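Okay, structure first, notes after.
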Amino acid sequence: MKVADVPGLPEGVADHLESGGIEELYPPQAEAVEAGVAEGESLVASVPTASGKTLVAELAMLSAVERGGKALYIVPLRALAGEKATEFEEFEQFGFSVGVSTGNYEDDGSRLSGNDIIVATSEKVDSLVRNGAGWIDDLSCVVADEVHLVDDDHRGPTLEVTLAKLRQRVQDLQVVALSATVGNADEIAEWLDAELVDSTWRPIDLRTGVHYGQGVHYDDGTQEELATGGSDSQTAAIVEDTLQDGGSTLVFVNSRRNAEAAARRLADVTKQGISDDDRQRLREVADEIRGVSDTETSDDLADAVEKGAAFHHAGLAREHRELVEDAFRERAIKVVSATPTLAAGVNTPSRRVVVRDWQRYDGTAGGMQPLSVLEVHQMFGRAGRPGRDPYGEAVLLANNHDELEELFDRYIYAEPEPVRSKLAAEPALRTHVLAAVATGFTTTEDALHEFLGETLYATQTDDPGRLKRVTKDVLAYLERNGFVEREDGTLRATSTGHLVSQLYVDPMSAATLVDGLRAAERGETASSGRQRASGDPEEAGFQTAGEMQETDSEADSDADGEGASPTPFGLFHLVSRTPDMYELYLRSGDREQYTELAYEREDELLGSAPREEEAAFEDWLSALKTAKLLEDWASELDEDRIAERYGVGPGDIRGKVETAEWLLHAAERLAGDLDDVESAAAVREARKRVEYGVREELLDLAGVRDVGRKRARRLYNAGIESRADLRNAEKSLVLGAVRGREKTAERILENVGHPDPEMDAVSADADAAAAAEEADRSGQANLGDFS
DNA sequence: TTTCGAGACCTCTAGACAGCATGTC
DNA sequence: CTAGAGGTCTCGAAA
């Protein structure tokens, strides 16, 4: 089928696509058109990656908008939202406006309601629906990318519920669901009342196989020796072979450490025979990487990149990842060893893919668990770059003949697993049941069941009672915590319930925050809890045996109702023990160290602590570790020191800070809801300190545009302590504080409203410069009590 | 005395969404 | 309780 034959497309679009080299549709695309995607028919397309799913979505959205209405494109990752939006922007010339909305990014200028095509994450869509975005009713087409993710324990239910909600709310909504090849695409199609295109067709060949001994055994029965010299490891041999063929390799491993170690070793292979052009480019990229962050992770990455290799995992800062992805796409970087981040993320195709580790540690399962077929196939799918490689190859590695056969059976010949809904789990239902009630979407338990009956879960389960039972438990939980009320069988959200739904936090997080804030009001801390818990202090609480040094009078005065306002550290701990904060791993030795810290600072820790022998104690300590990280950040400790102290990467620090900001914002609103003005102010300050990463005295300065934690400290040390000071500051002082950067100094003064920001003929003040140097050293200071 | 390598033992474990109001070095 | 790669330490032999 030709593009020109696609019905319903706006004037000019077909010509435009043809001039871009797309004349003939790929077979699955043609099937989709025949099934009516361009005429408003719902469709599930279960096809391999890179087989032209995006065009199917575009045809659906453009024709839908042409008929009237808006189109919504739901992505699983924020990083993909930008990528997709950029792709869709090529149609802006035909009058279609594209908008993006994710948690950390919202298109300015044109409001979403003015856009024809909106790209958003599933959570953001859910949130928009909850908060009553009016344009939802104007939708005529929704595209859900990577729908097989409804299988995900944590985030799958959101996508599932969101789709169900949109379908119920908007009459005749066209739903286009794009999926990887899965075992039960037909079930998904049935759920969505959609046509099905189920195909394994790929635009370029993909050979899959297993490497064992000297060569690769392929799925077509052929074997190939690798043309390599003396590489000892299997992975190195494959990389070397691919390199001789002028191709790049993507290696999937099961841990960050393995990714880094592999990159280090593979760099010895790639460093030979780098062209002068590549060398130059790699050096640039390495410099940029070093510029992103001062951490060891950053240096290690840059070292590898200079030799043509790289690693990729979530400990990297976002900028790191983008630099690596871009340089790999440009083929300057020859090999990337990655955790699954790269399999799910933006498009980074490679000539060869090596799935080195097919098992991954899973604490809940008590050991190594095999990856799912779907996951391995997703990794395989990164092999072969359309238009650049003649074919792609993806291989697993076997250590012996038995493993060779096992891998063939398990992954090469195997069909992907069916997708199963994970909706009937308390954490998922807590938030979605509350949202359904709070938005007035459902007002009775029956209506709730009716709605939940429209989900994929309902079509799949053999135990229809289960969803009802869990829903009942969840409703009881929501009532108990004062989020939902029941009156003559009518469900109604309380004002707190509405707020929680709007804030988009897990109701359990909200309950934790409310408990903590109330405890603060009553002056109830870990220390008072311990005092009360038992007459015998040796047995109560979490402290290690014997060491009591808290004065009774202090603890008593806290306990009898005179609440002091919570400290930042107490609040950091509070948000860290919320289920919405991902836990930091407690390493050996940490238990002892943080138990001691808990003891030292028990007066600040809100609510009562679990006893040391309780299972919950571990989590509580882990939250304490996170709280300490946040406190270090909000005390201007340098990133590299934090990374080193907690064994994390720059990406983890940013992630924790971002989550803390969000939860502290929720806590602030909840404190307001409790009419606890004092706590609300304390929470607000804690939030600001995390947001800017500064101590209290810099809060005013750090709010100025172009002034971050570093510059604020330099200015402060030079004697400029507030915005008012800055507005009236001697210019030479400011220039000295920013280490003689005239442009920077001018921008800052402009932003703060200085009457004359012009820096010509101003020379830097030596004392201020010295103070700036001093500020840099303070970030290295060993804050906190342990090394 | 220093250096090197094999082997025993120990350590640690993937990912990433959300609010709100604007801007780091 | 279950795994397994990598890092680190230790010991002995060679330089």
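Below, chains carry the letters A, B, ... as their sequence lines are ordered, and counting in each starts from 1. Values below: all heavy atoms of this structure, side chains included; hydrogens, waters and symmetry mates excluded. Predicted model only: the values in this text are computed from it and were never measured.
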Review point. Which sits closer to the 5' end of DNA chain B, A:Leu128 or A:Leu586, going by the nucleotide each is nearest to?
Key: A:Leu586

Study note, to complete from the structure: Partner of C:dT10 under the Watson-Crick or G-U wobble criteria, both distances under 3.5 Å, comes out as B:dA6

Review point. Phosphate oxygens OP1/OP2 of B:dA18: is one of them under 4.0 Å from a side-chain N or O of A:Arg155?
Key: no

Check your understanding: Which one is paired to B:dC17, where only Watson-Crick or G-U wobble pairs with both distances under 3.5 angstrom count?
Key -> none

Review point. If only side-chain N and O atoms of A:Ser122 are considered, is one of them under 4.0 Å from the OP1 or OP2 phosphate oxygen of B:dC17?
Key: no

Review point. How do A:Arg257 and A:Ala365 order along DNA chain C: which one's closest nucleotide is nearer the 5' end?
Key: A:Ala365

Check your understanding: Between the side chains of A:Asp126 and A:Tyr504, does any donor sit under 3.5 Å from an acceptor?
Key -> yes

Review point. Is there a Watson-Crick or G-U wobble partner for B:dC25 with both distances under 3.5 Å, and if so, which one is it?
Key: none

Check your understanding: According to a strict under-4.0 Å criterion, is A:Arg747 in side-chain N/O contact with OP1 or OP2 of B:dT24?
Key -> no

Review point. Is A:Arg382 close to A:Thr348 at the side-chain level, that is, under 4.5 Å between some pair of heavy atoms?
Key: yes

Check your understanding: At their closest point, which heavy atom of A:Ala314 faces which heavy atom of A:Thr339, and how far apart are they?
Key -> N-OG1, 4.5 Å

Exercise for review: Please work out if A:Leu77 contacts a base, only the sugar-phosphate, or nothing of the nucleic acid, heavy-atom cut-off 4.0 Å.
Suggested key: sugar-phosphate

Point to revise | Options B:dG19, B:dA18, B:dT11, nucleotide nearest the side-chain atoms of A:Asp580 | key: B:dA18

Review point. Do A:Asn254 and A:Tyr361 get their side chains close enough for a donor-acceptor pair, meaning under 3.5 Å?
Key: no

Review point. Where the side chain of A:Gln359 is defined as all heavy atoms beyond and including C-beta, which of B:dA18, B:dG15, C:dG4 is the nearest nucleotide?
Key: C:dG4

Exercise for review: Return the minimal non-hydrogen interatomic distance between A:Lys422 and A:Pro157, and the atom names on each side.
Suggested key: O-CG, 3.7 Å

**Study point:** Counter-base of B:dT1, judged by Watson-Crick or G-U geometry with both distances under 3.5 Å
**Key:** C:dA15

Check your understanding: Can any side-chain N or O of A:Glu417 pair as donor or acceptor with the backbone N or O of A:Val373 at less than 3.5 Å?
Key -> yes

Review point. Side-chain donor or acceptor of A:Tyr582 under 3.5 Å from a matching atom on the base of B:dG15?
Key: yes

Study note, to complete from the structure: Among the nucleotides B:dG19, B:dC25, B:dC17, whichever has the atom closest to the side chain of A:Arg687 is B:dG19

Review point. Is A:Arg684 touching bases, backbone alone, or none of the nucleic acid, heavy atoms closer than 4.0 Å?
Key: nothing

Review point. With sugar-phosphate meaning primed atoms plus P, OP1 and OP2, does A:Arg713 contact a base, only sugar-phosphate, or nothing at under 4.0 Å between heavy atoms?
Key: nothing

**Study point:** Comparing A:Thr364 and A:Asn399 on DNA chain C - which has the more 5′ nearest nucleotide
**Key:** A:Thr364

**Study point:** Phosphate contact (B:dG19 OP1 or OP2) by A:Lys124 side-chain N/O below 4.0 Å
**Key:** yes

Check your understanding: So what's C:dA5 paired with, Watson-Crick or G-U wobble, going by both distances under 3.5 Å?
Key -> B:dT11

Point to revise | Sugar-phosphate only, base, or nothing, as touched by A:His154 at under 4.0 Å among non-hydrogen atoms | key: base

Practice item. Just compare B:dT24, C:dG7, B:dA18 and give me whichever is closest to any side-chain atom of A:Ser127. Key: B:dA18

Revision key, fill the gap. Taken to the nearest whole Å, OH/A:Tyr692 to P/B:dC25 is 12 Å

Exercise for review: Using a 4.0 Å heavy-atom cut-off across all strands, classify A:Asn751 as base, sugar-phosphate, or nothing.
Suggested key: nothing

Review point. Within less than 4.0 Å of OP1 or OP2 of B:dG15, is there a side-chain N or O belonging to A:Arg256?
Key: yes

Practice item. Compare side-chain N and O positions of A:Arg741 against OP1 and OP2 of B:dT24 and report whether any pair is under 4.0 Å apart. Key: no

Point to revise | Atom pair distance, as rounded to whole Å: CG in A:Asn104 and C1' in B:dT24 | key: 15 Å

**Study point:** Closest to the A:Arg265 side chain, choosing from B:dC25, B:dC20, C:dG6
**Key:** C:dG6

Practice item. For A:Tyr504 and B:dG19, say yes or no: do the ring centres fall under 5.5 Å of each other while the ring planes differ by less than 30°? Key: no

**Study point:** Along DNA chain B (nearest heavy atom to each residue), the more 5'-positioned of A:Arg669 and A:Asp652
**Key:** A:Asp652

Practice item. Under 4.0 Å between any heavy atoms, over every strand shown, what does A:Arg356 touch: base, sugar-phosphate, or nothing? Just pick one. Key: sugar-phosphate

Review point. At under 4.0 Å, does any side-chain N or O of A:Thr339 touch on OP1 or OP2 of B:dG15?
Key: yes

Check your understanding: Closest to the A:Asp152 side chain: B:dG15, B:dG19, B:dT24?
Key -> B:dG15

Study note, to complete from the structure: Taking C:dG6, B:dA14, B:dG19 as options, the one with an atom nearest any side-chain atom of A:Pro340 is B:dA14

